[in-house]
Structures are given as structure tokens and as C-alpha cells.
Visitor: 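Just dropping this structure here.
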2 protein chains.
Amino acid sequence: MAIMGVYHLGMTPPKHPPPRHLRERPSFLLSQLGFHSDQRFGALLAPLGVTARQFGILRLLAHTAGRSQQQLAEELGIHRNVMVGVIDDLEQRGLVERRRYPTDRRAHAIHLTDAARDLLPRVEGALDACDDELLAALDPADRTTLLTLLQRLADGAGLVPGIHPGYDAIGSEEP
Amino acid sequence: MAIMGVYHLGMTPPKHPPPRHLRERPSFLLSQLGFHSDQRFGALLAPLGVTARQFGILRLLAHTAGRSQQQLAEELGIHRNVMVGVIDDLEQRGLVERRRYPTDRRAHAIHLTDAARDLLPRVEGALDACDDELLAALDPADRTTLLTLLQRLADGAGLVPGIHPGYDAIGSEEP
DNA sequence: TATTGTTATACTCTATAACTATA
DNA sequence: TATAGTTATAGAGTATAACAATA
């Protein structure tokens, strides 16, 4: 082989190391599993008639009602223009009401309906099912280990707890 | 409080358990981290002028050249119609060539160019950087533990090693 | 008749800007 | 003037169907 004659005396051959299989790469595995998790959660949520994004809003309203659309948008990292449509859908499904905002006549105070309050525990149940399904291969001790490691990764990456980075922060706006 | 008078004698109150914070939910953490991983890898790849999807194709061609577009599409779970545009882009960037397929005049044999062969190790380097960045908070032992747990999850979920579920399998086609 | 590559069309998402009514 | 909500437009991405060349 040519390499024997040309590269010697401790020279590092220019051959690159063989590429690691993607199965050995945490970032690829996380991407794969994250996407799969989204798909499964979406499928478990579909029969309940809500999307993951809508769930995020309902969840936030559950313990702090009366927020304005703008406040919700800022907290969840969704653009205010998009929030209009999301609230429209939730309102049509009877899960949310637009009421008067006490101190600002431009804003709407978004409130959960009783139907939404009935629905939320069932959505949490779907999330339980999603977790159980995903972790089926792990015993309790391994589940705890995994959870801790994932939390450390999320903290290290600067991810805000409970906020999905899938929606960009507010854009540049107005030239 | 009404609950004291109405629910007693060991009746389980209808109050649902308080919802677990999303930070405690593996499926949410995986979704968060998977999305973040995609973003970071995309950002590290941008200066090299390729997307993650293009990288997947180049990677596959690196050790099995001469595949047809259809074969590539099937192996990666991308629709054949989409593959046309992806190969178009790769060809325009001079990373791939469409040659004659030896045994079928309908098909194209896709081959890497030398430019692509020069590029690939640099993309693998970007993946290394992505992994290192993501795992910065973990020592080597914890990294190994995490990798093993993620692999077990991926296996349990039936994910195909190296194939990202982000692209649906081939649709129904022709009525 | 079935398959490979290709193109065209519709539909969904998202990003951006601009409008209105209030502040 | 700035802000909350809304609407409109354009752009990416995807899904589906249909077509020409070849099998």
C-alpha cells in the first residue's frame, strides 16, 4: 500500500479518522428522539382536539389567568401576530375567552373556560402516557439518571425551563 | 373550605394532582434539546454551505456512491419528489454529479465530487463541535451514561439508527 | 403496465409589514 | 409617539397529482 512507503517516521497520515456513526452522536440522538417525542405527543393530543402549542398557552393560563395576548406571546416566545390566530382557534373551540383588560382598553384579558379546566388534566395524562411510552425501556433508577442528565444539558444550553425554543423571539419589527 | 366538609371518610377528592413542571418531563426535555441541537448544528453547518439534510445524503454517498435518486430517497425516508430539488442544489454547489446509471437509462447515478470529499471531514468536525458544546456540562463518565441511555430510548422507540424521522416515508401516490 | 425523474399545484407555516384603536 | 391587536402579503416547506422517458 502506498501509504506505507509515503507516510512514515511518525508523520500523521492525512487520512481523516473514520466518521463516527450517527448512533454514537448525542446531538443526533437528541434530535431524533426530540422529533419522535413531538410526533408521539402530537398524536396523543390529537383526539383531545388541541395542539402542543395550544397546550402551552392553556397551561400558562391555568395558574395565571387574565394575561394579555402580548404578555402570553412574550412569555412563550411566540410572535404576537401568531398569537392572534392561536387564540382565535382556542376561542372557537370554547377553551378560552377574550374579556376586557381592566387597565388598558386596547388589550384583551385571556381567560380559561370551564371546558378548558376539564380538559387540562386529560392533556397532562397524555403527557404522562408519552413519557411512559418513551421511557418504557428504562427502569426507575435509569429514568432518574436520564432526567438529571437531560436537565443538566438543558441548563448548560441556557434553555428556559418549560419554554420550547421552537418559536423565535420577537422579530425586528417596523423599519 | 368547602372541600373539608364535602370530601371526607377517605373519599379521594376530585382535585387532580398538581401538574408536574415541564422541566420534570423527559419527553419535553428531549423535544427542547432536540430542537436546540438542530439549531446549533444548522448554525455550525451554515458557513460550510450545506444543510443537515444535504449532509445526510453526502454522508450516505461517501461509502456507497452511484445510487439512484430513488434509492437515496428510500433509504433516507425523503420523498422522491423532494429528492429532485435537494440533488439540484447539491449539483449546483458542485458537491454531486448526476451520471448515467449503468443498467437503467431512466435513473441517474449520483456521485460525490472531490469538493464534497474535501468538505465531508469538515462537516464531521462541525458535528464534533456540536456534541462537545452540548455535552460541555458533563464529564466523560456522564457522557457515556447519557449516550447509552439515549441509545436505549431510540432502540425502544424503534428509531432506525442514523435515519432522522423528520421526513415522512413515501406517501400514498397515484389514486 | 410499472417505475424514474420531473414539474405543477395547493396547502400549511412563518416572517414582515402595515393598519386601527387606544395609550 | 408608542403599544395591543389585527390583517395582508410574500416566502419557505411539504404533499399530492400528473407527465415524459424508459423498463
Side-chain angles (χ1 to χ4, degrees), chain A residues 31 35 38-39 42 46 50-54 56-57 61 66-92 96-111 164-175, chain B residues 35 38-39 42-43 45-46 50-57 61 66-92 96-111 164-175:
Chain A
S31 177
F35 194 92
D38 285 346
Q39 280 190 144
V50 288
T51 66
R53 185 191 250 172
Q54 291 172 341
I57 295 176
L61 286 170
R67 280 170 153 70
S68 73
Q69 297 181 193
Q70 176 72 3
Q71 286 169 326
L72 288 171
E74 274 171 21
E75 289 189 61
L76 291 171
I78 298 173
H79 195 283
R80 122 183 104 95
N81 302 6
V82 176
M83 184 61 71
V84 176
V86 184
I87 299 294
D88 282 350
D89 289 344
L90 287 172
E91 199 176 31
Q92 278 182 347
V96 133
E97 281 177 7
R98 281 189 240 239
R99 301 193 195 151
R100 311 198 53 154
Y101 198 91
T103 59
D104 189 336
R105 298 186 51 175
R106 295 171 300 179
H108 295 152
I110 311 299
H111 287 265
H164 198 287
Y167 306 114
D168 293 311
I170 301 103
S172 53
E173 185 110 7
E174 267 80 42
Chain B
F35 194 92
D38 285 346
Q39 281 189 144
L45 230 48
V50 289
T51 66
R53 184 191 252 171
Q54 292 172 339
F55 167 59
I57 295 175
L61 287 170
R67 281 171 153 69
S68 72
Q69 296 181 194
Q70 176 72 2
Q71 287 170 326
L72 288 171
E74 273 171 21
E75 290 189 60
L76 292 171
I78 298 172
H79 196 282
R80 130 182 97 96
N81 302 6
V82 176
M83 185 60 70
V84 176
V86 183
I87 299 293
D88 281 350
D89 289 344
L90 287 172
E91 200 176 31
Q92 278 182 349
V96 135
E97 281 177 7
R98 280 189 241 239
R99 301 192 195 152
R100 313 198 52 153
Y101 198 90
T103 61
D104 188 337
R105 298 186 51 175
R106 294 171 300 180
H108 295 151
I110 311 298
H111 287 266
H164 198 285
Y167 306 113
D168 293 313
I170 301 104
S172 53
E173 185 110 7
E174 267 80 42

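Model, not experiment: these values are computed from the prediction. Order of the sequence lines sets the chain letters (A, B, ...), proteins ahead of strands, with each chain counted from 1.
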Visitor: Using atom NE2 of A:H108 as one end and atom P of C:dA21 as the other, report the distance to the nearest whole Å.
Guide: 13 Å
Visitor: Give the residues of residues 82-90 of chain A touching DNA chain D, defined as any heavy atom closer than 4.0 Å, sorted by residue number.
Guide: A:V84
Visitor: Is there any protein nitrogen or oxygen under 3.5 Å from a nitrogen or oxygen in nucleotides 20-23 of chain D, and what are the pairs?
Guide:
unit_1 : atom_1 : unit_2 : atom_2 : d
D:dT22 : O2     : B:R106 : NH1    : 3.4
D:dA23 : OP1    : B:R105 : N      : 2.9

Visitor: Between A:H108 and A:S68, does any side-chain donor sit less than 3.5 Å from a side-chain acceptor?
Guide: no
Visitor: Quick one: is A:R100 getting a side-chain N or O under 4.0 Å of the C:dT22 phosphate, OP1 or OP2?
Guide: no
Visitor: Stepwise, does the side-chain contact (heavy atoms from CB on, under 4.5 Å) test hold for B:R105 with B:R100?
Guide: CA-CA 7 Å; B:R105 298 186 51 175; B:R100 313 198 52 153; 3.6 Å; yes
Visitor: Among C:dT4, C:dT14, D:dA4, which is the nearest nucleotide to the side chain of A:R53?
Guide: C:dT14
Visitor: Quick one, A:R53 and A:I78 - any side-chain contact, counting heavy atoms below 4.5 Å?
Guide: yes
Visitor: Establish, with yes or no, whether the OP1 or OP2 oxygen of C:dT6 is under 4.0 angstrom from a side-chain nitrogen or oxygen of B:Q69.
Guide: yes
Visitor: Figure out the CD1/P separation between B:I78 and D:dA15, and round it to whole Å.
Guide: 11 Å
Visitor: Just how far, in rounded Å, is P of D:dT6 from CD of A:Q70?
Guide: 12 Å
Visitor: Restricting to side chain to side chain donor-acceptor pair (under 3.5 Å), what partner residues turn up for A:D89, sequence neighbours left out?
Guide: none
Visitor: List the residues meeting side chain to side chain contact (heavy atoms under 4.5 Å, CB included) with B:E91, not counting sequence neighbours, and say none if there are none.
Guide: B:R98
Visitor: With B:Y101, which residues qualify under ring-ring contact (aromatic ring centres under 6.0 Å, His included), at least two apart?
Guide: none
Visitor: Atom CZ of B:R80 to atom P of D:dA17: distance rounded to whole Å?
Guide: 12 Å
Visitor: Examine the side chains of A:E75 and A:Q71 and answer whether a donor and an acceptor come within less than 3.5 Å of each other.
Guide: no
